[in-house]
Asks: 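Encoded as structure tokens, here's the structure I'll be asking about.
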Protein chains: 2
Amino acid sequence: MSEFYPIAAAAHLTGISLDTLRAWERRYQAVVPKRAGRGRLYSEEQIQRLVLLRRALAQGHSIGQVATLADRQLRHMLEKSSSFAGEKPAARARASEDILIPVWRALERFDTEATHREINRLAVAIALPTDFVYQVALPLMRRVGKLWHEGKCSVAQEHILTRHLASVLTSFIRAYSRTNTAARVLIASPSNERHEFPILTAAMLTAAAGLGVIYVGADLPAPDIVLAARKTNADVILLGLSTPPDPNTLGELHYVERKAPRRTALWLGGAPELNLKKATGNSRWRLLQDFSALERQLRALVARS
Amino acid sequence: MSEFYPIAAAAHLTGISLDTLRAWERRYQAVVPKRAGRGRLYSEEQIQRLVLLRRALAQGHSIGQVATLADRQLRHMLEKSSSFAGEKPAARARASEDILIPVWRALERFDTEATHREINRLAVAIALPTDFVYQVALPLMRRVGKLWHEGKCSVAQEHILTRHLASVLTSFIRAYSRTNTAARVLIASPSNERHEFPILTAAMLTAAAGLGVIYVGADLPAPDIVLAARKTNADVILLGLSTPPDPNTLGELHYVERKAPRRTALWLGGAPELNLKKATGNSRWRLLQDFSALERQLRALVARS
DNA sequence: TTTTATTTGTCAATGCTTTGTCCATGATAT
DNA sequence: ATATCATGGACAAAGCATTGACAAATAAAA
């Protein structure tokens with residue numbers, strides 16, 4: 001998983017121009033990538049650091065002031081200014097099921113406070129948004145779903161978990177989403193689709209890919225989706241379905257398909273069993289089987305723009 | 001660990017304009033940041049002081065009066081006159097309307113980023129959770145509800161606003177909720193009651209009163225509510241209703257009443273038109289007409305324990 | 001009540017520094 | 001050969017400080 005990115009990729013991922021990246025390195029040694037013969041190679045951590053620097057700038061700091069700060073200080077500074085209670089960074093977490101045990105313990109006791117603390121601790125320790133999705137968020141949700149089916153877990157616990165995962169995901173989204181990006185993706189789910197977690201996850205992956213995210217939430221009537229897409233000039237509308245779609249939902253999808261601007265791409269996730277072509281003929285909707293499929297689409301979109 | 005903020009960051013954090021920051025320093029030496037070559041650097045304490053000053057202004061004081069006061073005096077002054085009475089009506093009115101305009105602007109543009117930023121800024125500036133509820137959260141929700149009824153506001157905008165208000169409210173709750181408190185209040189709403197905002201507000205008021213909060217969320221089946229109350233040993237179960245309750249909901253209330261531990265108090269908010277005594281005989285449920293009624297109950301509970 | 005004085009947020013002009021971007025040139029790999 | 005990247009120089013835009021001024025709001029005086 002330890003990838004290295006050439007400077008163009010780093011620029012795209014962070015939203016910082018090539019020239020600026022080089023200028024920061026030359027003038028302040030803010031981020032010094034390793035060199036492999038013909039060019040710079042940025043590590044995953046360095047990309048993260050660049051994102052942190054970018055956020056610091058967005059909050060009014062000057063690059064000269066923050067360029068030489070350690071990552072720890074940067075994080076500390078950014079947490080302070082967002083009115084959230086800062087959490088102490090925990091020890092490096094291992095990528096295994098073990099790391100989820102404390103969360104689970106807290107949840108069993110209905111201890112909302114501890115649940116939040118443990119999830120936050122994992123988020124800080126893991127730091128990489130996509131890793132957080134695949135190693136923490138999805139496994140937790142899968143497990144709670146399974147236990148609920150077996151009657152070993154109450155809806156209350158599922159609520160508590162979802163709430164705090166959502167809180168972490170949204171803060172990730174805010175941290176990574178860019179405003180002046182090439183492409184903007186509007187993310188929502190249609191009426192009667194109340195599960196928020198899947199589309200929140202999709203929103204986070206989108207933000208992590210370096211795209212702009214307009215997250216409007218679950219349970220939204222089709223006309224409102226189209227209106228929001230128009231107002232924000234979105235390039236993609238991504239809708240999430242979790243339950244098998246009923247006729248009503250199909251109607252909503254049809255509405256969006258007819259009324260959305262022609263240039264807007266339409267993506268649909270979370271309903272692998274839905275054969276949409278059969279239902280609506282040659283549809284504009286592109287189906288995404290799972291989150292990896294979404295990631296592939298996102299990468300293609302980034303490359304295209 | 002001592003962070004310093006350049007003037008742009010200070011302005012961003014406090015919501016005070018650059019010019020005003022400089023004017024206050026020049027005219028009253030209200031806050032004199034240290035200088036590093038070509039620029040002011042505000043310390044953490046100075047940022048806090050600026051927030052205090054801003055709150056003092058919001059309550060109708062003039063900057064000349066408060067600029068030279070010590071931090072201690074400022075805090076004392078704000079505590080005494082916070083949210084209860086004694087302010088000038090004019091300043092009060094301005095504080096409760098004008099400050100919401102930026103949020104509204106952002107929402108009109110579907111700009112989730114700016115919406116969050118503006119709400120966060122208000123939260124930092126107001127700092128007192130109860131003030132935030134009465135001056136920001138409730139007015140915003142009332143207004144969005146009104147506009148939605150008039151068809152001038154989409155569900156998407158309501159979602160965006162709710163989400164970000166919820167984020168601020170939960171962070172307040174975390175900041176204020178005590179773990180080793182005398183009394184614990186479990187807060188939820190029964191099945192088919194999906195509006196989260198009212199109970200979130202109630203949770204924040206509870207936390208602000210210094211009580212322990214177990215917030216499990218909306219749309220929860222009655223057995224789960226009782227189970228959670230048992231597990232957490234809650235002293236109070238507070239349920240919120242917003243829509244007129246249907247027979248199903250009455251059944252849920254009845255279930256909770258029967259199965260909840262005898263020593264647990266049962267409070268019900270948000271349904272003033274519901275005559276519960278008529279519906280269920282001599283009920284254990286105590287009805288709370290509005291948020292002030294809730295605050296009274298909370299104070300009584302604190303005093304008793 | 002009207003008039004005068006003071007307070008206070010905002011703006012403009014000027015000069016200095018920081019910082020993002022551009023350019024010309026050269027190197028390397030597909 | 002075309003594309004990507006490095007390097008160092010150059011420059012224009014933006015940020016910040018300082019001084020001075022103005023207009024609206026507020027308080028004080030007539």
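To find a chain, count down the sequence lines: A is the first, B the second, and so on, and within it residues start at 1.
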Asks: Given D:dT4, is OP1 or OP2 found less than 4.0 Å from the side-chain N or O atoms of A:Arg22?
Replies: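 Result: no.
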Asks: Figure out the NE2/C1' separation between B:His61 and D:dA27, and round it to whole Å.
Replies: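 Checked: the NE2 to C1' distance equals 16 Å.
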Asks: If we only count heavy atoms from C-beta on, is the A:Leu57 to A:Val66 side-chain gap below 4.5 Å?
Replies: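 Answer yes - side chains close enough.
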Asks: Heavy atoms only: give me the nearest A:Val185-A:Leu211 pair and the separation to one decimal.
Replies: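 Smallest interatomic distance, heavy atoms only, reads CG2-CD1, 4.4 Å.
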Asks: A:Arg184 vs B:Glu113, test: salt bridge (charged side-chain N to carboxylate O under 4.0 Å, His left out). Steps then yes/no.
Replies: CA-CA 13 Å; A:Arg184 273 186 301 277; B:Glu113 198 56 38; over 6 Å; no
Asks: Restricting to salt bridge (charged side-chain N to carboxylate O under 4.0 Å, His left out), what partner residues turn up for B:Glu108, sequence neighbours left out?
Replies: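 With sequence neighbours excluded, B:Glu108 shows a salt bridge (charged side-chain N to carboxylate O under 4.0 Å, His left out) to no residue whatsoever.
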Asks: So which heavy atom on A:Trp285 is nearest to which on A:Ile237, and how close?
Replies: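 Scanning both residues completely, I find the closest heavy atoms to be CZ3-O, 4.3 Å.
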Asks: Could you pull out the closest heavy-atom pair between A:Ser43 and A:Phe4, with the gap in Å?
Replies: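 Closest heavy-atom pair between A:Ser43 and A:Phe4: CB-CE2, 3.5 Å.
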Asks: What does nucleotides 9-24 of chain C look like as a protein-contact string, B for base, S for sugar-phosphate only, - for none, at under 4.0 angstrom between heavy atoms?
Replies: BBB-----S-SBBB--
Asks: Looking at every heavy atom in both B:Ala114 and B:Arg109, which two are closest together, and how far apart are they?
Replies: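 Reported closest heavy-atom pair: CB-NH2, 4.2 Å.
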Asks: Whole angstroms only, please: what is the CG-C1' distance between A:Leu21 and D:dC5?
Replies: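 About 13 Å, once rounded to whole Å.
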Asks: For a salt bridge (charged side-chain N to carboxylate O under 4.0 Å, His left out) check, start with the C-alpha distance between B:Arg105 and B:Glu118, then their side-chain angles and the critical distance, and finish with the verdict.
Replies: CA-CA 10 Å; B:Arg105 290 261 159 75; B:Glu118 295 300 339; over 6 Å; no
Asks: Tell me the bend of the helix from C:dT1-D:dA30 to C:dT30-D:dA1 as the angle between end helix axes, each from five pairs, rounded to the nearest 10 degrees.
Replies: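 Taking five pairs per end, the axes differ by 40°.
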Asks: Between B:Arg40 and D:dG15, is there a contact of a side-chain N or O with OP1 or OP2 at under 4.0 Å?
Replies: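 No, B:Arg40 has no side-chain N/O under 4.0 Å of OP1/OP2 on D:dG15.
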Asks: Find the distance B:Leu41:CG to D:dG15:P and express it as a whole number of Å.
Replies: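 Value for this atom pair: 17 Å.
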